[in-house]
Student: 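Please read through the structure below; I'll follow up with questions.
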Amino acid sequence: MSQVFDCIVVGGGHAGCEAAAALARLGHATLLITGNVDRLGHLSCNPAIGGLAKTHMVREIDALGGMMGLWADAAGIQMRVLNMSKGPAVRATRGQMDRQAYMQAVRRTLFSLPHLRIWQDQVTDLTTDDTRVTGVRTRQGLHFAAKHVLLTTGTFLAGRIHIGLVNMPAGRLGDEPATGLSEALTGLGIQLGRLKTGTTPRLLGSSINYEVLEAQYSDDPLPQFSFTGPKPSLPQVPCHLSWTTEVTHDIIREGFDRSPLFTGVITGTGARYCPSIEDKVARFPDRERHHVFLEPEGLDGAEVYCNGISTSLPLDIQERMVHSIRGLEKAVMVRPGYAIEYDYANPLQVQKTLETKAVTGLWFAGQINGTSGYEEAAAQGMWAALNISCRLRDLPPFVLRRDEAYMAVLVDDLVTEGTLEPYRMFTSRAEHRLLLREDTADMRLTPRGRELGLVDDARWQAFLARRAQCDKAKDYLESTRLGSGSTVRGNAAAGMTLAEALRRPEVNLEDLEALDSGLADLLADSSAFDRGTIQADVKYKGYIDRQHALVQRSLKLEETPLPTDLDYTKVAGLSNEVIEKLCRVRPASLGQAGRISGVTPAAVDCLEIHLHKLGLLRLGGMHRG
């Protein structure tokens, strides 16, 4: 207990578990403090991992040598790929989890790491020396010393639950909130705000009439999240689909006068893109119905999660609402839906490494930065952990560009724009999403993970084999021509390379394998996943090359640093509004400055000219694109 830890991670949610695992595996003495060791890696809301844009971050974590993909594959009980009818850039794997199996997978990993100490307690205060963090104090009266402290407090920071007009302090239903830490942060100059999220009623699975519901099954073959880990091995079970009705909506409206959302009891800002059912009914009065996905919480679990009807309505309204939905007429509620308010720090107060600007050695990851979602949290946990490790080892910071990873888009959005509502990742947030497909995360990031020491030999050898196989197949497609008289899908293709034929919209790899035995032999042992990578890389090569060209044109701005102490009031031509925004964000580069809302291209030109006057930039080499 008396040792000085390299890092103390506060919180055992998805950000904390990913960060603690990474730091310990990199050899750093790490202490993970959580309020309930039995809840490590708990899927507090929906027991599911992945989805649109979220899976991209899970795969990026895995590509860097992280754990979430492996844990999800170990616990998946319904695995599907979404958006298969659309382009590969917006397809995403989604897995329904066995809640207990997921937590068991997390615990097995964390308790096996020799450099990780786990302690059940509540952190109530931070200790500092001038402007640097030195450790934490806990409710049990202990002081732990550390070089760095990473806060991953989730919804626990001054958390309060709302069910109708009844409310109580809690981090989630059944768990105490974190108290005292908010005061400690404000005492250090960190400004806190208030956000709100929510969850749905849980129902007794045996009380649901599945015969009248639409079933959704796993894909065959089963997709997986990890590039190199074992395939999902648990039995697969279906989820089911139902709908709300006009009767449901009328019942919900009856509860508006006792809703904490509409009576002003809740002051925190809720998630715009994942609203409660009462919010959906109020905002979209003309909608006749809304989806309700009934998702099992585990193979042996009795409960079913009702995705789509997150609510904080009074209990009597919740029960009547549930019974008005097809298949749920006799459903028994086991746990109510509820809203939860919690403290967060606007991420304008953290640097791109996720270290706070106010206190050296203090780092934030997850919902404390205003995000929503397990995957967003885990990505930040990995990002912060790698940066803490780089600091401990005197290495350059781990900072990716927006064209390199979704997690980079996430972090850049947070530290550049900040957020006043729960931030959720979407594919539309990534301007280079064709370069950021979920199947190419290893090609982009595994070499980085290897350099940093987190990708072990087994993962590295598996990556090298996959890359070599994909490169060999793509080279074959580009260099092999079809013979005279060849047709593909009824169209003449004589003399074309296989790659040129594949770029026709209606043609796929299977068509070409039927024409070329060499290609068929080459792909005989390739997985469906690898085949998808090969096909997308070749079919969309022209678009991909254009994306890379756009990236190269914008790199000049991204690679032009702005001094951290630059006096923006001395920059000629800037408006007071732009000066205020630049002073608040303190962008690291001209590129980041240009992404701040309200900072116009003309303002960036003024910054370029000012840097030139200071002797920090040669004009004439900048390219806008």
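Quick caveat: nothing in here was measured; it's all calculated off a predicted structure. Reckoned from all heavy atoms, side chains included, excluding hydrogens, waters and symmetry mates.
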Student: If we ignore angles and hydrogens, is there a donor and acceptor under 3.5 Å between the side chains of Thr371 and Glu376?
Tutor: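 Note: Thr371 and Glu376 side chains miss the donor-acceptor criterion.
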Student: Got a sec, which residues hit side chain to side chain contact (heavy atoms under 4.5 Å, CB included) with Gln120, two or more places apart in sequence or on another chain?
Tutor: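 Counting only residues at least two positions away or on another chain, Gln120 forms a side chain to side chain contact (heavy atoms under 4.5 Å, CB included) with Asn36, Val37.
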Student: Going through the distances and angles, do Ile61 and Glu375 end up as a side-chain contact (heavy atoms from CB on, under 4.5 Å)?
Tutor: CA-CA 9 Å; Ile61 291 167; Glu375 302 82 1; over 6 Å; no
Student: Do Asn46 and Glu295 get their side chains close enough for a donor-acceptor pair, meaning under 3.5 Å?
Tutor: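 Yes, Glu295 and Asn46 have a side-chain donor paired with an acceptor closer than 3.5 Å.
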Student: With a cut-off of 6.0 Å (strictly less than), are more than 12 heavy atoms of other residues, nucleotides or ligands near CG of Leu299?
Tutor: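 More than 12 heavy atoms, drawn from other residues, nucleotides or ligands, come within 6.0 Å of this atom.
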Student: Between the side chains of Asp412 and Arg429, is the shortest nitrogen-to-carboxylate-oxygen separation below 4.0 Å, so that they form an ion pair?
Tutor: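 The answer is no: the pair does not qualify as a salt bridge.
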Student: By side chain to side chain contact (heavy atoms under 4.5 Å, CB included), which residues pair with Pro177, not counting sequence neighbours?
Tutor: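 With neighbours one apart ignored, the set is Pro169, Thr179.
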Student: Under a 3.5 Å cutoff, is there a donor and acceptor pairing between the side chains of Ser312 and Glu278?
Tutor: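 On atom types as modelled, these side chains qualify, holding a pair under 3.5 Å.
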Student: Under the side-chain contact (heavy atoms from CB on, under 4.5 Å) criterion, do Phe463 and Met443 qualify, and how do the steps go?
Tutor: CA-CA 8 Å; Phe463 163 72; Met443 304 298 178; 3.8 Å; yes
Student: Check whether more than 12 heavy atoms from other residues, nucleotides or ligands sit under 6.0 Å from atom CD of Glu288, and answer yes or no.
Tutor: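 No, not enclosed.
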Student: Does any non-hydrogen side-chain atom of Met68 lie less than 4.5 Å from one of Tyr102?
Tutor: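 Side chain of Tyr102 against side chain of Met68, heavy atoms only: contact under 4.5 Å found.
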Student: Please list, one pair per line, the donor and acceptor atoms closer than 3.5 Å that link side chains of residues 207-215 to other protein atoms, with sequence neighbours excluded.
Tutor:
unit_1, atom_1, unit_2, atom_2, d
Ser207, OG, Leu204, O, 2.6
Ser207, OG, Val332, N, 2.9
Asn209, OD1, Glu211, N, 3.3

Student: Please enumerate all residues that pass ring pair (Phe, Tyr, Trp, His ring centres under 6.0 Å) together with Phe529, with sequence neighbours excluded.
Tutor: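 For Phe529, the residues satisfying ring pair (Phe, Tyr, Trp, His ring centres under 6.0 Å) (neighbours in sequence not counted) are Phe227.
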Student: Name all residues meeting the ring pair (Phe, Tyr, Trp, His ring centres under 6.0 Å) criterion together with Phe111; count only those two or more places apart in sequence or in a different chain, and write none if there are none.
Tutor: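 With sequence neighbours excluded, Phe111 shows a ring pair (Phe, Tyr, Trp, His ring centres under 6.0 Å) to no residue whatsoever.
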Student: What class does the angle between the rings of Phe284 and His290 fall in, given that below 30° is parallel, 30 to 60° is tilted and above 60° is perpendicular?
Tutor: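 Because their plane-to-plane angle lies in the 30° to 60° range, the rings of Phe284 and His290 count as tilted.
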Student: In this structure, are over 12 heavy atoms from other groups packed under 6.0 Å from Asp525 atom CG?
Tutor: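 No, not enclosed.
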Student: Under a 4.0 Å N-O cut-off, is there an ion pair linking Arg59 with Asp62?
Tutor: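 Asp62 and Arg59: not salt-bridged.
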Student: Has Arg489 got more than 12 heavy atoms of other residues, nucleotides or ligands less than 6.0 Å from its CZ?
Tutor: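 Counting other residues, nucleotides and ligands, CZ of Arg489 exceeds 12 neighbours.
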Student: Scan residues 36-64 for pairs that pass ring-ring contact (aromatic ring centres under 6.0 Å, His included), counting only residues two or more places apart or in two chains.
Tutor: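 The answer is His56-Tyr406.
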Student: For Trp383, check ring pair (Phe, Tyr, Trp, His ring centres under 6.0 Å) against everything at least two apart and list the hits.
Tutor: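 Listed in chain order: Phe398.
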Student: Looking at Asp316 and Arg258, does any basic side-chain N land under 4.0 Å from a carboxylate oxygen?
Tutor: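 Salt bridge flag = yes for Arg258 with Asp316.
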Student: Mind checking what makes side chain to side chain contact (heavy atoms under 4.5 Å, CB included) contact with Leu434, not counting sequence neighbours?
Tutor: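 By the side chain to side chain contact (heavy atoms under 4.5 Å, CB included) rule, Leu434 matches Ala89, Tyr543, Ile544, Gln547.
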Student: Side chains of Asp343 and Ser182 only: does a donor on one sit below 3.5 Å from an acceptor on the other?
Tutor: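 Asp343 vs Ser182: donor-acceptor pair found between side chains.
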Student: Identify whether the distance between the nearest side-chain nitrogen and carboxylate oxygen of Arg335 and Glu297 falls below 4.0 Å.
Tutor: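 No, this pair does not count.
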Student: Taking side-chain hydrogen bond (donor to acceptor under 3.5 Å, both in side chains) as the definition, give me every residue that meets it alongside Gln318, ordered by chain and number, with sequence neighbours left out.
Tutor: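 Partners of Gln318 by the side-chain hydrogen bond (donor to acceptor under 3.5 Å, both in side chains) criterion come out as none, since no residue qualifies.
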Student: Considering only residues two or more places apart or on different chains, which pairs with a residue in residues 309-345 satisfy ring-ring contact (aromatic ring centres under 6.0 Å, His included)?
Tutor: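 Those involving residues 309-345 do not exist here.
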Student: If the condition is side-chain hydrogen bond (donor to acceptor under 3.5 Å, both in side chains), which residues does Ser44 pass it with, not counting sequence neighbours?
Tutor: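 Result, side-chain hydrogen bond (donor to acceptor under 3.5 Å, both in side chains) vs Ser44: Arg172.
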Student: So with a 6.0 Å cut-off around CZ of Arg503, is the heavy-atom count from everything else above 12?
Tutor: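 Correct, the count exceeds 12.
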Student: What verdict does the side chain to side chain donor-acceptor pair (under 3.5 Å) test give for Arg272 and Thr269, after you've listed the backbone C-alpha separation in whole Å, the side-chain angles of each residue and the deciding distance to 0.1 Å?
Tutor: CA-CA 9 Å; Arg272 182 190 315 184; Thr269 305; over 6 Å; no
Student: Would you indicate whether Asp300, at its atom CG, is surrounded by more than 12 heavy atoms from other residues, nucleotides or ligands within a distance under 6.0 Å?
Tutor: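 For Asp300, atom CG is not crowded (no more than 12 foreign heavy atoms under 6.0 Å).
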Student: Could you list the residues that satisfy side-chain hydrogen bond (donor to acceptor under 3.5 Å, both in side chains) with Arg320, not counting sequence neighbours?
Tutor: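 Partners of Arg320 under the side-chain hydrogen bond (donor to acceptor under 3.5 Å, both in side chains) test: Glu254.
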Student: Do the side-chain N and O atoms of Asn167 and Glu341 include a donor-acceptor pair separated by under 3.5 angstrom?
Tutor: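 No, because no side-chain N or O of Asn167 sits under 3.5 Å from a partner of the opposite role on Glu341.
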